[in-house]
There are 2 protein chains.
Amino acid sequence: MEKPVELNHSECTGILRPIRDALDVLNGKWKLPIIVALTFGEKRFSEIAREVHGITDRVLSKELQDLTMNGLVKRTVEDTFPVKVTYALTPHSKSLDEVIEALRKWGVLHREIILKGSSGE
Amino acid sequence: MEKPVELNHSECTGILRPIRDALDVLNGKWKLPIIVALTFGEKRFSEIAREVHGITDRVLSKELQDLTMNGLVKRTVEDTFPVKVTYALTPHSKSLDEVIEALRKWGVLHREIILKGSSGE
DNA sequence: AATAGCGCTATCCTTTTAGATAGCAAACCG
DNA sequence: CGGTTTGCTATCTAAAAGGATAGCGCTATT
(Lines give C-alpha, C1' and ligand atoms only; values in the text may rest on other atoms or scores of the structure.)
Protein backbone atom coordinates (compact mmCIF):
# COMPACT_ATOMS: atom_id res chain seq x y z
CA MET A 1 0.00 0.00 0.00
CA GLU A 2 1.49 3.31 -0.98
CA LYS A 3 0.57 6.54 0.62
CA PRO A 4 -2.31 8.18 -1.21
CA VAL A 5 -1.03 10.76 -3.63
CA GLU A 6 -1.67 14.13 -2.03
CA LEU A 7 -0.07 16.14 -4.77
CA ASN A 8 -3.46 16.41 -6.34
CA HIS A 9 -4.84 17.92 -3.23
CA SER A 10 -2.33 20.70 -2.84
CA GLU A 11 -2.44 21.41 -6.55
CA CYS A 12 -6.16 21.70 -6.43
CA THR A 13 -6.12 23.91 -3.41
CA GLY A 14 -4.09 26.29 -5.50
CA ILE A 15 -6.58 26.08 -8.31
CA LEU A 16 -9.50 26.41 -5.97
CA ARG A 17 -8.36 29.57 -4.24
CA PRO A 18 -9.05 32.00 -7.07
CA ILE A 19 -12.40 30.34 -7.70
CA ARG A 20 -13.28 30.81 -4.05
CA ASP A 21 -12.16 34.43 -4.27
CA ALA A 22 -14.39 35.04 -7.25
CA LEU A 23 -17.38 33.37 -5.65
CA ASP A 24 -16.88 35.32 -2.44
CA VAL A 25 -16.84 38.62 -4.27
CA LEU A 26 -20.25 37.93 -5.79
CA ASN A 27 -21.72 36.09 -2.88
CA GLY A 28 -24.62 37.09 -0.71
CA LYS A 29 -28.08 38.21 -1.53
CA TRP A 30 -27.27 41.77 -2.44
CA LYS A 31 -23.98 42.15 -4.29
CA LEU A 32 -25.38 41.45 -7.74
CA PRO A 33 -28.49 43.61 -7.35
CA ILE A 34 -26.29 46.48 -6.21
CA ILE A 35 -23.96 46.03 -9.15
CA VAL A 36 -26.92 45.95 -11.49
CA ALA A 37 -28.30 49.13 -9.96
CA LEU A 38 -25.00 50.84 -10.62
CA THR A 39 -24.71 49.69 -14.22
CA PHE A 40 -27.26 52.38 -15.05
CA GLY A 41 -24.87 55.06 -13.83
CA GLU A 42 -23.48 56.38 -10.61
CA LYS A 43 -25.87 56.66 -7.71
CA ARG A 44 -26.09 57.99 -4.21
CA PHE A 45 -26.53 55.83 -1.15
CA SER A 46 -30.21 56.51 -0.79
CA GLU A 47 -30.88 56.03 -4.47
CA ILE A 48 -29.37 52.57 -4.32
CA ALA A 49 -31.32 51.86 -1.16
CA ARG A 50 -34.54 52.78 -2.95
CA GLU A 51 -33.69 50.77 -6.02
CA VAL A 52 -32.60 47.57 -4.33
CA HIS A 53 -35.88 46.64 -2.72
CA GLY A 54 -35.79 45.14 0.72
CA ILE A 55 -32.21 45.95 1.64
CA THR A 56 -31.61 47.78 4.89
CA ASP A 57 -29.20 50.64 5.35
CA ARG A 58 -27.03 48.54 7.57
CA VAL A 59 -26.59 45.83 5.00
CA LEU A 60 -26.27 48.21 2.08
CA SER A 61 -23.51 50.04 3.89
CA LYS A 62 -21.63 46.84 4.51
CA GLU A 63 -22.07 45.54 1.00
CA LEU A 64 -20.85 48.80 -0.49
CA GLN A 65 -17.79 48.63 1.72
CA ASP A 66 -17.11 45.10 0.53
CA LEU A 67 -17.51 46.05 -3.10
CA THR A 68 -15.35 49.12 -2.63
CA MET A 69 -12.62 47.13 -0.93
CA ASN A 70 -12.73 44.70 -3.82
CA GLY A 71 -12.19 47.53 -6.25
CA LEU A 72 -15.51 47.01 -8.00
CA VAL A 73 -17.11 50.21 -6.78
CA LYS A 74 -15.68 53.65 -6.31
CA ARG A 75 -16.92 55.85 -3.51
CA THR A 76 -16.77 59.60 -3.98
CA VAL A 77 -17.51 62.20 -1.34
CA GLU A 78 -18.31 65.80 -2.16
CA ASP A 79 -18.62 67.90 0.94
CA THR A 80 -21.09 70.33 -0.46
CA PHE A 81 -24.45 69.85 1.09
CA PRO A 82 -24.71 67.79 4.27
CA VAL A 83 -22.54 65.47 2.25
CA LYS A 84 -22.99 63.94 -1.14
CA VAL A 85 -21.66 60.46 -1.53
CA THR A 86 -21.82 58.76 -4.87
CA TYR A 87 -21.01 55.21 -5.83
CA ALA A 88 -20.00 54.08 -9.28
CA LEU A 89 -18.69 50.96 -10.89
CA THR A 90 -14.97 50.93 -11.61
CA PRO A 91 -13.32 49.81 -14.84
CA HIS A 92 -12.29 46.66 -13.01
CA SER A 93 -15.91 45.77 -12.49
CA LYS A 94 -16.28 45.48 -16.26
CA SER A 95 -14.04 42.46 -16.11
CA LEU A 96 -16.80 40.72 -14.20
CA ASP A 97 -19.08 40.82 -17.21
CA GLU A 98 -17.74 37.62 -18.70
CA VAL A 99 -18.04 35.82 -15.40
CA ILE A 100 -21.57 37.01 -14.89
CA GLU A 101 -22.48 36.06 -18.42
CA ALA A 102 -21.02 32.59 -17.95
CA LEU A 103 -22.97 32.18 -14.73
CA ARG A 104 -26.16 33.43 -16.35
CA LYS A 105 -25.86 31.13 -19.34
CA TRP A 106 -25.18 28.17 -17.15
CA GLY A 107 -28.05 29.08 -14.84
CA VAL A 108 -30.45 29.07 -17.77
CA LEU A 109 -29.11 25.76 -19.09
CA HIS A 110 -29.21 24.25 -15.64
CA ARG A 111 -32.82 25.22 -15.13
CA GLU A 112 -33.78 23.53 -18.38
CA ILE A 113 -31.97 20.38 -17.43
CA ILE A 114 -33.48 20.26 -13.99
CA LEU A 115 -36.99 20.87 -15.29
CA LYS A 116 -36.60 18.15 -17.86
CA GLY A 117 -35.76 15.92 -14.94
CA SER A 118 -33.16 14.15 -16.97
CA SER A 119 -30.68 14.70 -14.15
CA GLY A 120 -27.70 14.82 -16.43
CA GLU A 121 -28.13 11.31 -17.79
CA MET B 1 -44.30 63.05 -9.00
CA GLU B 2 -44.50 59.89 -10.98
CA LYS B 3 -44.04 56.44 -9.69
CA PRO B 4 -40.45 55.31 -10.05
CA VAL B 5 -39.97 53.16 -13.12
CA GLU B 6 -39.91 49.60 -11.89
CA LEU B 7 -39.57 47.99 -15.26
CA ASN B 8 -35.84 47.90 -14.87
CA HIS B 9 -36.18 46.14 -11.61
CA SER B 10 -38.40 43.33 -12.76
CA GLU B 11 -36.34 42.88 -15.89
CA CYS B 12 -33.22 42.59 -13.83
CA THR B 13 -34.78 40.21 -11.39
CA GLY B 14 -35.34 37.94 -14.34
CA ILE B 15 -31.73 38.25 -15.38
CA LEU B 16 -30.50 37.80 -11.86
CA ARG B 17 -32.35 34.61 -11.11
CA PRO B 18 -30.22 32.27 -13.21
CA ILE B 19 -27.09 33.91 -11.91
CA ARG B 20 -28.28 33.30 -8.36
CA ASP B 21 -29.06 29.71 -9.26
CA ALA B 22 -25.58 29.18 -10.59
CA LEU B 23 -23.93 30.78 -7.60
CA ASP B 24 -26.04 28.74 -5.21
CA VAL B 25 -25.08 25.50 -6.88
CA LEU B 26 -21.39 26.18 -6.34
CA ASN B 27 -21.70 27.92 -3.03
CA GLY B 28 -20.38 26.85 0.32
CA LYS B 29 -16.98 25.70 1.41
CA TRP B 30 -17.22 22.18 0.15
CA LYS B 31 -19.02 21.88 -3.18
CA LEU B 32 -15.98 22.64 -5.32
CA PRO B 33 -13.57 20.43 -3.38
CA ILE B 34 -16.04 17.58 -3.67
CA ILE B 35 -16.43 18.12 -7.39
CA VAL B 36 -12.68 18.20 -7.77
CA ALA B 37 -12.34 14.97 -5.82
CA LEU B 38 -14.78 13.32 -8.20
CA THR B 39 -13.07 14.54 -11.36
CA PHE B 40 -10.48 11.86 -10.76
CA GLY B 41 -13.11 9.18 -11.06
CA GLU B 42 -16.05 7.80 -9.14
CA LYS B 43 -15.61 7.43 -5.42
CA ARG B 44 -17.30 6.00 -2.38
CA PHE B 45 -18.58 8.10 0.47
CA SER B 46 -15.70 7.34 2.77
CA GLU B 47 -13.13 7.90 0.04
CA ILE B 48 -14.46 11.37 -0.56
CA ALA B 49 -14.55 12.00 3.17
CA ARG B 50 -10.89 11.04 3.35
CA GLU B 51 -9.91 13.14 0.37
CA VAL B 52 -11.75 16.30 1.26
CA HIS B 53 -9.85 17.19 4.39
CA GLY B 54 -11.77 18.63 7.27
CA ILE B 55 -15.28 17.84 6.13
CA THR B 56 -17.55 15.97 8.50
CA ASP B 57 -19.84 13.12 7.51
CA ARG B 58 -22.88 15.18 8.24
CA VAL B 59 -21.83 17.98 5.93
CA LEU B 60 -20.53 15.67 3.23
CA SER B 61 -23.82 13.83 3.23
CA LYS B 62 -25.75 17.05 2.83
CA GLU B 63 -23.48 18.43 0.15
CA LEU B 64 -23.70 15.23 -1.84
CA GLN B 65 -27.47 15.38 -1.61
CA ASP B 66 -27.42 18.94 -2.90
CA LEU B 67 -25.13 18.05 -5.76
CA THR B 68 -27.21 15.01 -6.60
CA MET B 69 -30.42 16.99 -6.57
CA ASN B 70 -28.79 19.47 -8.90
CA GLY B 71 -27.92 16.71 -11.30
CA LEU B 72 -24.20 17.21 -10.99
CA VAL B 73 -23.49 13.97 -9.19
CA LYS B 74 -24.94 10.53 -9.62
CA ARG B 75 -25.40 8.27 -6.65
CA THR B 76 -25.25 4.54 -7.20
CA VAL B 77 -26.04 1.89 -4.63
CA GLU B 78 -24.92 -1.70 -4.92
CA ASP B 79 -26.34 -3.84 -2.17
CA THR B 80 -23.51 -6.28 -2.01
CA PHE B 81 -21.46 -5.93 1.09
CA PRO B 82 -22.84 -3.82 3.93
CA VAL B 83 -23.66 -1.48 1.09
CA LYS B 84 -21.50 0.10 -1.53
CA VAL B 85 -22.45 3.58 -2.54
CA THR B 86 -20.53 5.35 -5.25
CA TYR B 87 -20.71 8.91 -6.41
CA ALA B 88 -19.70 10.12 -9.83
CA LEU B 89 -19.94 13.30 -11.81
CA THR B 90 -22.70 13.38 -14.39
CA PRO B 91 -22.34 14.60 -17.97
CA HIS B 92 -24.20 17.72 -16.92
CA SER B 93 -21.43 18.59 -14.51
CA LYS B 94 -19.12 18.98 -17.48
CA SER B 95 -21.10 22.04 -18.47
CA LEU B 96 -19.81 23.69 -15.34
CA ASP B 97 -16.28 23.65 -16.67
CA GLU B 98 -16.64 26.92 -18.55
CA VAL B 99 -18.16 28.61 -15.54
CA ILE B 100 -15.44 27.38 -13.26
CA GLU B 101 -12.79 28.43 -15.72
CA ALA B 102 -14.32 31.90 -16.01
CA LEU B 103 -14.37 32.20 -12.23
CA ARG B 104 -10.81 30.98 -11.94
CA LYS B 105 -9.49 33.35 -14.55
CA TRP B 106 -11.26 36.27 -12.97
CA GLY B 107 -10.07 35.27 -9.52
CA VAL B 108 -6.47 35.36 -10.71
CA LEU B 109 -6.93 38.70 -12.43
CA HIS B 110 -8.69 40.10 -9.41
CA ARG B 111 -5.92 39.09 -7.08
CA GLU B 112 -3.39 40.87 -9.28
CA ILE B 113 -5.46 44.02 -9.36
CA ILE B 114 -6.02 44.04 -5.63
CA LEU B 115 -2.36 43.43 -4.88
CA LYS B 116 -1.35 46.25 -7.18
CA GLY B 117 -3.67 48.39 -5.11
CA SER B 118 -4.78 50.22 -8.18
CA SER B 119 -8.38 49.61 -7.12
CA GLY B 120 -9.65 49.51 -10.63
CA GLU B 121 -8.60 53.04 -11.52
C1' DA C 1 -39.59 75.44 15.82
C1' DA C 2 -40.71 71.12 13.64
C1' DT C 3 -39.87 68.09 9.93
C1' DA C 4 -37.60 65.64 6.58
C1' DG C 5 -33.52 64.07 3.84
C1' DC C 6 -28.67 62.47 3.91
C1' DG C 7 -25.16 58.75 4.91
C1' DC C 8 -24.21 56.28 7.75
C1' DT C 9 -23.39 53.38 12.67
C1' DA C 10 -24.96 50.76 16.89
C1' DT C 11 -27.64 47.38 19.03
C1' DC C 12 -30.32 43.50 19.07
C1' DC C 13 -32.49 39.40 17.27
C1' DT C 14 -33.47 35.62 13.95
C1' DT C 15 -32.15 32.55 10.39
C1' DT C 16 -28.88 29.92 7.99
C1' DT C 17 -24.67 27.32 7.75
C1' DA C 18 -21.48 24.37 9.39
C1' DG C 19 -18.70 21.84 12.95
C1' DA C 20 -18.55 18.22 16.90
C1' DT C 21 -20.09 14.14 18.66
C1' DA C 22 -22.57 10.08 18.81
C1' DG C 23 -25.18 6.27 17.19
C1' DC C 24 -27.25 2.60 14.09
C1' DA C 25 -27.74 -1.83 11.29
C1' DA C 26 -25.41 -5.16 8.84
C1' DA C 27 -21.55 -8.06 8.22
C1' DC C 28 -17.00 -9.22 8.17
C1' DC C 29 -12.47 -10.50 10.92
C1' DG C 30 -10.10 -12.44 14.63
C1' DC D 1 -18.11 -12.69 21.29
C1' DG D 2 -15.97 -8.04 20.60
C1' DG D 3 -14.25 -4.84 17.44
C1' DT D 4 -14.17 -2.54 12.90
C1' DT D 5 -15.91 -0.74 8.47
C1' DT D 6 -19.69 1.49 5.81
C1' DG D 7 -23.04 5.15 4.82
C1' DC D 8 -25.43 7.55 6.77
C1' DT D 9 -28.85 10.37 10.49
C1' DA D 10 -29.81 12.83 15.00
C1' DT D 11 -28.75 16.18 18.28
C1' DC D 12 -26.43 20.05 19.92
C1' DT D 13 -23.67 24.07 19.55
C1' DA D 14 -20.94 27.90 17.37
C1' DA D 15 -20.42 31.20 13.99
C1' DA D 16 -21.90 33.97 10.18
C1' DA D 17 -25.31 36.40 7.48
C1' DG D 18 -28.89 39.30 7.41
C1' DG D 19 -33.17 41.91 9.16
C1' DA D 20 -35.49 45.51 12.47
C1' DT D 21 -35.15 49.54 14.72
C1' DA D 22 -33.15 53.59 16.28
C1' DG D 23 -30.15 57.42 16.40
C1' DC D 24 -26.55 60.96 15.04
C1' DG D 25 -24.92 65.55 13.07
C1' DC D 26 -26.13 68.49 9.67
C1' DT D 27 -29.20 71.43 6.77
C1' DA D 28 -33.00 72.95 3.68
C1' DT D 29 -37.73 73.30 3.75
C1' DT D 30 -42.32 74.39 5.88
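We name chains A, B, ... by the order of the sequence lines, and we start the count at 1 in each one. If you're wondering where the values come from, they're calculated on a predicted model, not measured in any experiment.
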Can you tell me if [X] touches the phosphate of [N], counting only side-chain N or O atoms and a distance under 4.0 Å to OP1 or OP2?
X: Trp30(B); N: dG19(C); answer: yes
X: Arg58(B); N: dT13(D); answer: no
X: Ser61(B); N: dC8(D); answer: no
X: Arg50(A); N: dG5(C); answer: no
X: Gln65(B); N: dC8(D); answer: no
X: Ser46(A); N: dG5(C); answer: no

How would you label the contact of [X] with the nucleic acid (heavy atoms, under 4.0 Å): base, sugar-phosphate, or nothing?
X: Gly28(B); result: sugar-phosphate
X: Lys62(A); result: nothing
X: Glu63(B); result: nothing

Just how far, in rounded Å, is P of dA16(D) from CG of Asp66(A)?
->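 In whole Å, dA16(D) P lies 14 Å from Asp66(A) CG.
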So if you build clusters from Ile, Leu, Val, Met, Phe, Trp, Tyr with side-chain heavy-atom gaps below 4.5 Å, do Leu115(A) and Val108(A) land together?
->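 Different clusters: Leu115(A) never reaches Val108(A) through Ile, Leu, Val, Met, Phe, Trp or Tyr contacts under 4.5 Å.
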Could you please name the option among dA18(C), dC8(C), dT9(D) that lies closest to any side-chain atom of Asp57(B)?
->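 Minimum distance to the Asp57(B) side chain belongs to dT9(D).
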Taking the six-membered ring for Trp, are His92(A) and His110(B) parallel (under 30°), tilted (30 to 60°) or perpendicular (over 60°)?
->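 Parallel.
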Say you draw a straight line from CD of Glu78(A) to OG1 of Thr86(A); how long is it, rounded to the nearest 0.5 Å?
->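 Those atoms lie 6.0 Å apart.
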Can we say Glu47(B) and Arg50(B) salt-bridge, meaning some charged N sits less than 4.0 Å from an Asp/Glu carboxylate O?
->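 The answer is no: the pair does not qualify as a salt bridge.
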